[in-house]
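Below: one structure, written as structure tokens.
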Amino acid sequence: MATKVKKHKLPRVKLHPATLKHAKKGHPWVTEDSYTKEFPRKQNLLIGRNPKGDEKLFLLHDPTHKKVKARIWEIGTELPESPNGFLRSFNHRLEESFLKRVSAREKYQRDNFYLCFAEADGIPGLMIQKFGNVALIQIYSDFWFFFKNDIRRIVKAHCASHFPEIDKFIFQQRKTSDTVNFENLEKKLTEITIQEFGINYHLRFDYRYDIGIYSDMSAIRKKLTNEFRNAKSVLNLYSYTGAFSLFALSKGATDVHSVDLSKDYITWLEKNIELNPQLNSSHHESKITSVEKALKSYADEGKKFDLIICDPPSFSSDGRKSQSALKSYDKLIPMIESCLSDEGKAVVFLNTHHILRKKFNERIEQLASKSGMRVAKALRMEEDCVTLSGFPEGDYLKGLLLSRK
């Protein structure tokens with residue numbers, strides 16, 4: 001008599017009714033609750049079950065994350081029951097994600113774009129960016145680190161088929177807001193130069209999380225082309241390595257000011273300007289100071305700008321105190337208005353999933369109205385950084401274009 005082979009099954013876990021409700025609407029996270037405390041900590045893959053229905057949820061378990069305890073891979077009645085089945089599914093989804101970028105890469109006009117944008121591409125907690133011949137694999141869930149060798153193998157295969165110029169691969173894991181585990185698999189690769197809209201940028205791949213450019217902002221820069229073409233004087237607050245400053249110079253601005261508290265970033269910015277001899281460096285001025293001090297100084301001297309860009313970090317600092325970026329706008333909006341020319345415009349951003357777009361919009365509209373301004377246009381990620389319906393946290397980069405009433 002033949003012996004029956006027992007079919008492998010992944011551990012089953014109970015899910016909170018609210019989790020099931022949000023999952024059916026498209027939300028891909030299982031956040032911490034009384035149910036997640038019962039999840040087996042040493043299991044990477046789990047099956048969540050609906051006690052009142054046949055649906056099951058295939059979960060990527062992340063017990064070390066402070067808030068997101070699992071990410072939903074799939075909902076259905078027939079789900080993979082092994083790591084190999086999961087990897088086959090991952091391989092298929094990643095190819096679909098790459099193919100989207102293949103068909104659109106010509107319109108991007110840049111060397112830097114996302115090959116995989118996490119939840120929006122059905123691959124939660126994992127992002128892959130292309131920087132010239134480098135693929136930067138960014139992990140936002142410890143789950144993926146257990147499969148890092150498989151990830152690299154599969155990414156490498158799809159790059160060979162669809163982006164053959166990519167021949168370098170780097171892992172980067174952001175474990176918390178202030179701790180980064182960076183694994184450079186290409187030991188000799190530390191820096192490269194890329195192009196975005198015809199502008200050269202120096203990028204670094206080392207122990208820091210900062211690469212030197214934020215690709216999720218690239219499509220927004222492109223969308224603001226007309227505003228930059230109409231601005232002769234531009235102020236870039238929290239300038240970082242200067243992407244908006246160089247973009248302004250490339251569009252004909254003759255008076256561009258960059259403000260950042262970090263000397264390292266300003267030095268990096270000025271190196272980027274040196275990489276672009278087609279830009280007139282005499283039209284640019286850097287200030288190493290806090291944004292509030294800079295705005296006060298400009299106001300005192302009566303300096304006006306046609307366009308002001310303000311993109312504070314999630315928690316901005318003046319060297320002595322820190323505050324949330326949204327709270328900082330209580331002071332910044334009126335100060336920005338005082339430095340605008342008669343027809344001037346301002347672009348303000350918030351970069352965090354902790355504050356949803358509705359709250360950001362409402363607060364900025366209130367502050368702008370009090371200062372004699374109005375919201376002219378909303379700005380959001382697009383092209384290679386699309387957002388997922390039913391997942392408002394994924395719409396983390398929010399922007400508003402302000403003009404005078």
Determine whether Glu55 and Lys21 satisfy the following criterion, salt bridge (charged side-chain N to carboxylate O under 4.0 Å, His left out), listing intermediate values before the conclusion. CA-CA 12 Å; Glu55 302 103 333; Lys21 177 182 178 182; over 6 Å; no
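Of the N and O atoms on the side chains of Ser245 and Ser239, not one donor lies less than 3.5 Å from an acceptor on the other residue. Between the side chains of Asn351 and Tyr214, not a single donor N or O lies within less than 3.5 Å of an accepting N or O. A donor atom on one side chain and an acceptor atom on the other are found under 3.5 Å apart for Tyr265 and Asp210. A side-chain donor from one of Ser341 and Asp306 sits under 3.5 Å from a side-chain acceptor of the other. Checked by atom type, the side-chain pair Ser286/Glu270 shows a donor-acceptor distance below 3.5 Å. In the model, Ser141 has no side-chain atom that pairs as donor or acceptor with a side-chain atom of His65 under 3.5 Å.
In this structure, the side chain of Asn272 engages the main chain of His202 through a donor-acceptor pair within 3.5 Å. Of the possible polar contacts, one joining the Arg101 side chain to the Tyr114 backbone as a donor-acceptor pair under 3.5 Å is found. Asn133 places no side-chain N or O within donor-acceptor distance of the main-chain N or O of Glu165, the cut-off being under 3.5 Å. When atom types are taken as modelled, the side chain of Asn200 and the backbone of Leu275 share a donor-acceptor pair closer than 3.5 angstrom. A side-chain donor-acceptor contact under 3.5 Å links Thr352 to the backbone of His354. Formation of a donor-acceptor pair under 3.5 Å by the Thr267 side chain with backbone atoms of Lys263 is found in this model. For the pair Lys398 (side chain) and Ile355 (backbone), a donor-acceptor distance under 3.5 Å is present. With hydrogens and angles ignored, the 3.5 Å screen pairs no side-chain donor or acceptor of His16 with any backbone N or O of Val30. Judged purely by atom type and a 3.5 angstrom limit, Ser103 uses its side chain to pair as donor or acceptor with the backbone of Lys100. In terms of modelled atom types and a separation under 3.5 Å, the side chain of Arg404 and the main chain of Leu340 share a donor-acceptor contact.
In the displayed structure, His353 atom NE2 is contacted under 6.0 Å by more than 12 heavy atoms of other residues, nucleotides or ligands. Surrounding NZ of Lys358 are at most 12 heavy atoms belonging to other residues, nucleotides or ligands under 6.0 Å away. Surrounding CD of Glu343 are at most 12 heavy atoms belonging to other residues, nucleotides or ligands under 6.0 Å away. Atom NZ of Lys296 has 12 or fewer neighbouring heavy atoms from other residues, nucleotides or ligands inside a 6.0 Å radius. In this structure, Glu301 places its CD atom where more than 12 heavy-atom neighbours from other residues, nucleotides or ligands lie under 6.0 Å away.
Between Arg363 and Asp330 there is a salt bridge, with a side-chain nitrogen of the basic residue lying less than 4.0 Å from a carboxylate oxygen of the acidic one. At a threshold of 4.0 Å, the pair Glu32-Lys66 does not count as salt-bridged, since none of the basic side-chain nitrogens sits closer than that to a carboxylate oxygen. The pair Asp384-Lys130 fails the salt-bridge criterion, with no side-chain N (NZ, NE, NH1 or NH2) lying under 4.0 Å from an Asp/Glu carboxylate O.
For the pair Lys303 and Phe305, the distance from NZ or CZ to the six-membered ring centre is under 6.0 Å and the angle to the ring normal is within 45 degrees. Relative to the ring axis of Phe244, Arg221 places its NZ or CZ within 45° and under 6.0 Å from the centre.
The structure places SG of Cys116 at 7.5 Å from CZ of Phe98, a figure rounded to the nearest 0.5 Å. How far CD1 of Ile211 is from CD1 of Ile194: 10.5 Å, rounded to the nearest 0.5 Å. Here the CG atom belonging to Leu99 is positioned 11.0 Å from the CG atom belonging to Leu115, to the nearest 0.5 angstrom. Here the straight-line distance linking atom CD of Glu119 with atom CG of Leu126 works out to 9.5 Å at 0.5 Å rounding. The structure places CG of Leu388 at 10.5 Å from CD of Glu393, a figure rounded to the nearest 0.5 Å. Considering NZ of Lys271 and CG of Leu269, their distance stands at 13.0 Å, rounded to 0.5 Å.
In this structure, the ring pair (Phe, Tyr, Trp, His ring centres under 6.0 Å) partners of His61, at least two apart in sequence or on a different chain, are Phe39.
Within the 4.5 Å cutoff, the side chain of Leu87 has no heavy atoms near those of the Pro80 side chain. Contact of the Phe349 side chain with the Ile309 side chain is registered, since non-hydrogen atoms from C-beta on lie closer than 4.5 Å.
Note on residues 367-377: pairs passing salt bridge (charged side-chain N to carboxylate O under 4.0 Å, His left out), not counting sequence neighbours, are Glu227-Lys377.
Checked options Phe143, Trp144, Phe145; the residue passing with Phe147 is Phe143 (criterion: ring-ring contact (aromatic ring centres under 6.0 Å, His included)).
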